Amino acid sequence: MSLADCKMIELPKIHDPRGNLTFIEGGHHIPFSIERVYYLYDVPGGSDRGGHAHKTLHQFMVAMSGSFDVVLDDGRDRKRVHLSRSYNGLYICPMIWRELDNFSSGSVCMVLASAHFDEADYHRDYGDFMDARWRK
């Protein structure tokens, strides 16, 4: 997996004068079945989140409110993605290091995940991630 496999996905947006509606269907709009949903909120200004990679987990991140940046790193290249619209999301494949920063006031980050929480699926040390990523 590389940064090229991580991509922005535009979600359906149904316009209505009473308010817009967006929906996400696992296996249809995103390339995995949804097993877990969690969200980050009340992140203090200047704080960072993430700072890890997953061995097998697929994720899809959406800025439900406000905005934030996601820095993706595959061990060779890095790119920064700004999330600020609730009808766009970022698909992150396994074995990509991610860091979240630049949270606006009142931002909410929703994450859809392909599996239940499993601490064994994490690389929390960048050096360990690099060793596993480029192990032959």
Side-chain angles (χ1 to χ4, degrees):
M1 300 284 179
S2 71
L3 291 186
D5 297 306
C6 300
K7 60 186 176 213
M8 290 293 293
I9 297 174
E10 186 169 345
L11 300 167
K13 183 176 179 185
I14 300 171
H15 298 278
D16 189 297
R18 300 168 296 165
N20 297 324
L21 180 133
T22 292
F23 58 96
I24 305 169
E25 296 175 349
H28 181 70
H29 300 112
I30 58 176
F32 59 87
S33 295
I34 301 163
E35 291 293 324
R36 178 170 51 120
V37 177
Y38 64 93
Y39 43 96
L40 306 170
Y41 58 97
D42 293 340
V43 178
S47 294
D48 299 332
R49 297 294 311 234
H52 62 266
H54 290 281
K55 298 172 186 175
T56 62
L57 188 77
H58 298 258
Q59 291 183 314
F60 185 71
M61 292 185 180
V62 178
M64 299 304 296
S65 179
S67 65
F68 55 90
D69 291 347
V70 182
V71 179
L72 301 173
D73 181 340
D74 66 4
R76 287 196 177 128
D77 299 308
R78 290 174 62 91
K79 76 176 176 180
R80 179 176 292 269
V81 179
H82 184 70
L83 295 178
S84 62
R85 301 281 185 247
S86 58
Y87 53 85
N88 287 324
L90 176 63
Y91 166 66
I92 305 174
C93 59
M95 292 303 290
I96 300 293
W97 188 267
R98 81 283 319 272
E99 298 170 359
L100 286 73
D101 63 14
N102 198 27
F103 286 88
S104 69
S105 178
S107 60
V108 177
C109 169
M110 180 181 69
V111 181
L112 309 179
S114 64
H116 295 177
F117 176 80
D118 178 6
E119 183 61 36
D121 188 61
Y122 283 77
H123 285 293
R124 295 193 183 271
D125 177 83
Y126 189 77
D128 292 343
F129 161 72
M130 290 296 287
D131 288 347
R133 178 92 178 136
W134 304 111
R135 189 179 304 144
K136 302 247 187 253

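In this text, all values refer to a predicted model and were calculated from it rather than measured experimentally.
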> Checking side chain to side chain donor-acceptor pair (under 3.5 Å) for the pair Asp128/His123: CA distance, chi angles, key distance, verdict?
Replying inline: CA-CA 7 Å; Asp128 292 343; His123 285 293; 6.0 Å; no
> Would Arg124 and Glu119 satisfy side chain to side chain contact (heavy atoms under 4.5 Å, CB included), going step by step from the backbone distance to the final call?
Replying inline: CA-CA 10 Å; Arg124 295 193 183 271; Glu119 183 61 36; 2.7 Å; yes
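Here SG of Cys6 is found 8.5 Å from CE of Met1. Values are rounded to the nearest 0.5 Å. Here the straight-line distance linking atom OG of Ser107 with atom CG of Leu83 works out to 10.5 Å at 0.5 Å rounding. To the nearest 0.5 Å, atoms CG (Asp48) and CG (Leu100) are separated by 8.5 Å. Between atom CG of residue Leu11 and atom CE of residue Met8 there is a gap of 9.0 Å, rounded to the nearest 0.5 Å.
Contact of the Leu3 side chain with the Ile96 side chain is registered, since non-hydrogen atoms from C-beta on lie closer than 4.5 Å. Looking only at side-chain heavy atoms (C-beta outward), Pro94 and His58 come within less than 4.5 Å of each other. Between Phe60 and Ile34, every side-chain heavy-atom pair lies at or beyond the 4.5 Å cut-off. Side-chain contact between Arg80 and Asp101: present, with at least one pair of heavy atoms (C-beta onward) separated by less than 4.5 Å. Using a 4.5 Å heavy-atom threshold, the side chains of Met61 and Val81 count as separate. Contact annotation: the side chain of Leu72 approaches that of Leu90 to within less than 4.5 Å [non-hydrogen atoms, C-beta and beyond]. By the 4.5 Å heavy-atom criterion applied to side chains, Ile24 and Ile30 are counted as neighbours. At least one side-chain heavy atom of Arg98 sits under 4.5 Å from a side-chain heavy atom of His52.
Shortest non-hydrogen contact noted between Gly66 and Ser104 is CA-OG, 3.3 Å. The two atoms that bring Cys93 and Ser2 nearest to each other are SG-O, 4.0 Å, heavy atoms only. Thr56 and Ser114 get closest at one heavy-atom pair: O-OG, 4.4 Å.
Cluster membership check: Phe117 does not share its hydrophobic cluster with Val37, using side-chain heavy-atom separations under 4.5 Å among Ile, Leu, Val, Met, Phe, Trp and Tyr. A continuous path of hydrophobic side-chain contacts links Ile9 to Val62 [ILVMFWY only; heavy atoms under 4.5 Å]. Under the 4.5 Å side-chain heavy-atom criterion for ILVMFWY residues, no single connected hydrophobic cluster contains both Phe68 and Met64. Using a 4.5 Å cut-off between side-chain heavy atoms of Ile, Leu, Val, Met, Phe, Trp and Tyr, with links allowed through other members, Met110 and Tyr41 fall into the same hydrophobic cluster. In the hydrophobic clustering of ILVMFWY residues, with side-chain heavy atoms under 4.5 Å counting as a link, Leu57 and Ile92 come out apart.
Side-chain N or O atoms of Lys7 include none that pairs as donor or acceptor with a backbone N or O of Tyr91 at under 3.5 Å. Panel note: side chain Ser65, backbone Val108; no donor-acceptor pair is recorded below 3.5 Å. Looking only at distances, a side-chain donor or acceptor of Thr22 sits under 3.5 Å from a matching main-chain atom of Pro12. Between the side chain of Asp121 and the main chain of His54, no donor-acceptor pair closer than 3.5 Å is present.
A salt bridge links Arg78 and Asp73; the closest N-O separation between the charged side-chain nitrogens and carboxylate oxygens is under 4.0 Å. Remark: Arg76 does not engage Asp74 in a salt bridge, criterion side-chain N to carboxylate O under 4.0 Å. Between Arg36 and Asp118 there is no salt bridge, since none of the side-chain N atoms of the basic residue sits less than 4.0 Å from a carboxylate O of the acidic one.
A donor atom on one side chain and an acceptor atom on the other are found under 3.5 Å apart for Gln59 and Tyr38.
Heavy-atom neighbours of Arg133 CZ from other residues, nucleotides or ligands within 6.0 Å: above the threshold of 12.
Using cut-offs of 30° and 60° for the angle between ring planes, the Trp97 and Phe129 rings count as tilted.
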